[in-house]
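All residue numbers refer to positions in the sequence shown, counting from 1.
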Amino acid sequence: MSNFDKTTSTSDISSVGSEQLFTELTPEQAAVIEGGVALFLIVDGLQAIKAGADGFPSGNDDTYLTVNGRQLGGEIGFTTGQYSTIGLGATFGIGNSARVELFDADSGFNGKDDNLGGFTVTGTTNGQVKTRVSGSGSIYDVYYRVFPSLNGAVLVA
């Protein structure tokens, strides 16, 4: 014996208004349907091609990075040739951009922090990308990736 008393025809389904189909979606789900998936930028690492912002006494840079003006992580002391794994990231919306900038921290009487260069990200990457930035006597390679994400979860790895 079957527990089904009624068969639903396609004409019953087509009479449902499109606004009824989306009333149970969360805002995040609706954003995905409308193409509003966010993007997640992850900075994998930095390599100091030339650490020269401080010049004296040590010639080392105390490097930190920002994404859209917000600092990610702390300062890392760099010497020329040194590579450091970063593994930090930030989310930004589709149609927006992420501005990545590197700085050399100057404390006390040394004045304001030195800008070591930056770049703007506008979309996803196909794997890891390397971009070279320079400023204030320093040169760095920045290794990064950009993926689609929803609520901070990476959708494509």
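Looking at every heavy atom in both residues, Leu39 comes nearest to Ile94 through CG-CG1, 4.0 Å. Residues Thr91 and Ala38 approach most closely at CG2-CB, 3.5 Å, considering heavy atoms. Across all non-hydrogen atoms, the minimal contact from Thr124 to Pro148 is CG2-CD, 3.8 Å. Residues Ser97 and Phe92 share a closest heavy-atom pair of C-CD1, 3.8 Å. The minimum heavy-atom distance between Leu72 and Gly89, with the atom names listed, is CD2-O, 3.8 Å.
Atom NZ in Lys50 sits 12.0 Å away from atom CG in Leu116 (nearest 0.5 Å).
Using a 3.5 Å distance cut-off with no hydrogens or angles, the side chains of Thr63 and Tyr140 do pair a donor with an acceptor. A donor-acceptor contact closer than 3.5 angstrom links the side chains of Asp61 and Ser138.
With a 4.5 Å cut-off on side-chain heavy atoms, Asn115 and Asp113 do not count as touching. Under the 4.5 Å side-chain criterion, counting only non-hydrogen atoms from C-beta, Tyr144 is in contact with Val121. No side-chain heavy atom of Phe78 sits under 4.5 Å from any side-chain heavy atom of Asp62. Residues Leu102 and Val142 are in side-chain contact: their nearest non-hydrogen atoms beyond the backbone lie under 4.5 Å apart.
When the side chains of ILVMFWY residues are joined at heavy-atom separations under 4.5 Å, either directly or via intervening members, Val129 and Ile139 end up in two distinct hydrophobic clusters. Tyr83 and Val100 fall into different hydrophobic clusters, where Ile, Leu, Val, Met, Phe, Trp and Tyr are joined by side-chain heavy atoms under 4.5 Å apart, directly or via other members. Taken together through direct or relayed side-chain contacts under 4.5 Å among Ile, Leu, Val, Met, Phe, Trp and Tyr, Ile86 and Val133 form part of one hydrophobic cluster.
One N or O on the side chain of Asn68 and one on the backbone of Arg99 form a donor-acceptor pair closer than 3.5 Å. Between the side chain of Ser136 and the backbone N or O of Ala53, no donor-acceptor pair lies under 3.5 Å.
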Just do the ring pair (Phe, Tyr, Trp, His ring centres under 6.0 Å) check on Tyr64 and Phe103 with the steps written out, would you?
CA-CA 5 Å; Tyr64 66 92; Phe103 292 92; 5.5 Å; yes
Taking only distance into account, with no hydrogens and no angle test, what donor-acceptor pairs under 3.5 Å do side-chain atoms of residues 41-48 form with protein atoms, sequence neighbours excluded?
from: Asp44; atom 1: OD1; to: Arg145; atom 2: NE; distance (Å): 3.2
from: Asp44; atom 1: OD1; to: Arg145; atom 2: NH2; distance (Å): 2.6
from: Asp44; atom 1: OD2; to: Gln128; atom 2: NE2; distance (Å): 2.9
from: Asp44; atom 1: OD2; to: Arg145; atom 2: NE; distance (Å): 2.9
from: Gln47; atom 1: NE2; to: Gly81; atom 2: O; distance (Å): 3.3

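Every pair passing salt bridge (charged side-chain N to carboxylate O under 4.0 Å, His left out) that includes a residue from residues 121-138 is listed here, sequence neighbours excluded: Lys130-Asp141, Arg132-Asp141.
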